[in-house]
Amino acid sequence: MKVIIDRFEGDFAVVEIDEGNFVNIPKILLCSAKEGDVISIDIDTDETLKRKNKIDNLMNDLFD
């Protein structure tokens, strides 16, 4: 998904998610981005699977 930074308001960036729809994203997540920048948001399935496996292992260790 791509979003466009419309403006900054306080600690938030107001981004356009599709034509005419806007949401606030914490500014800290956007580092050095500026108004007009296009930001890509994607799901890292490999990292998600690694974290899930790690949590599963911790849970198994805890309850075994």
Side-chain angles (χ1 to χ4, degrees):
M1 167 186 260
K2 294 188 182 201
V3 300
I4 303 165
I5 299 175
D6 184 67
R7 64 187 179 278
F8 292 96
E9 293 182 354
D11 292 333
F12 293 94
V14 180
V15 299
E16 186 174 2
I17 55 174
D18 54 36
E19 197 163 321
N21 292 309
F22 296 86
V23 296
N24 293 337
I25 294 178
K27 192 162 123 176
I28 195 166
L29 296 177
L30 300 175
C31 302
S32 61
K34 58 190 177 307
E35 292 177 0
D37 282 351
V38 177
I39 307 296
S40 293
I41 300 172
D42 63 309
I43 298 170
D44 186 337
T45 53
D46 291 336
E47 189 63 30
T48 300
L49 183 59
K50 286 178 191 175
R51 292 174 57 84
K52 181 188 178 314
N53 289 336
K54 181 179 178 180
I55 291 169
D56 286 346
N57 289 335
L58 289 170
M59 292 295 287
N60 288 337
D61 290 344
L62 182 63
F63 292 112
D64 280 347

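Treat the numbers as computed from the prediction; the structure is a model and nothing was measured. Note that the numbering runs from 1 along the sequence shown for the chain.
- Side-chain heavy atoms closer than 4.5 Å link hydrophobic residues (I, L, V, M, F, W, Y) into clusters, and following such links, possibly through other members, connects L29 to V15.
- In D11, the CG atom is not crowded: 12 or fewer heavy atoms of neighbouring residues, nucleotides or ligands sit closer than 6.0 Å.
- Atom CD1 of I43 has 12 or fewer neighbouring heavy atoms from other residues, nucleotides or ligands inside a 6.0 Å radius.
- Within the model, atoms OG1 of T48 and CG of N53 stand 11.0 Å from one another, a figure rounded to the nearest 0.5 Å.
- Using a cutoff of 4.0 Å between basic side-chain nitrogens and carboxylate oxygens, D46 and K50 are not scored as salt-bridged.
- One finds the CG atom of D44 at 10.5 Å from the CG atom of L49 (value rounded to the nearest 0.5 Å).
- To the nearest 0.5 angstrom, N60 atom CG is 12.0 Å from I55 atom CD1.
- Looking at N57, its side chain never comes within 3.5 Å of a backbone N or O of K54 through a donor-acceptor pair.
- Shown here is L62, whose CG atom has more than 12 heavy atoms of other residues, nucleotides or ligands within 6.0 Å.
- Taking each heavy atom of E35 and R7 in turn, the nearest pair found is OE2-CA, 3.6 Å.
- Criterion: ILVMFWY side-chain heavy atoms under 4.5 Å apart, direct or through other members. Under it, I25 and M1 are part of a common hydrophobic cluster.
- Linking ILVMFWY side-chain heavy atoms closer than 4.5 Å, directly or via other members, places F22 and I41 in two distinct hydrophobic clusters.
- The two residues F8 and K27 have their closest heavy-atom pair at CD2-CD, 3.5 Å.
- Annotation: side chain of D56 is in contact with side chain of K52 (closest heavy-atom distance under 4.5 Å).
- Remark: side-chain polar atoms of E9 are not paired, donor with acceptor, to backbone N or O of A13 under 3.5 angstrom.
- A 4.5 Å side-chain heavy-atom check between I5 and L30 finds at least one atom pair inside the cut-off.
- The structure places SG of C31 at 9.0 Å from CD1 of I39, a figure rounded to the nearest 0.5 Å.
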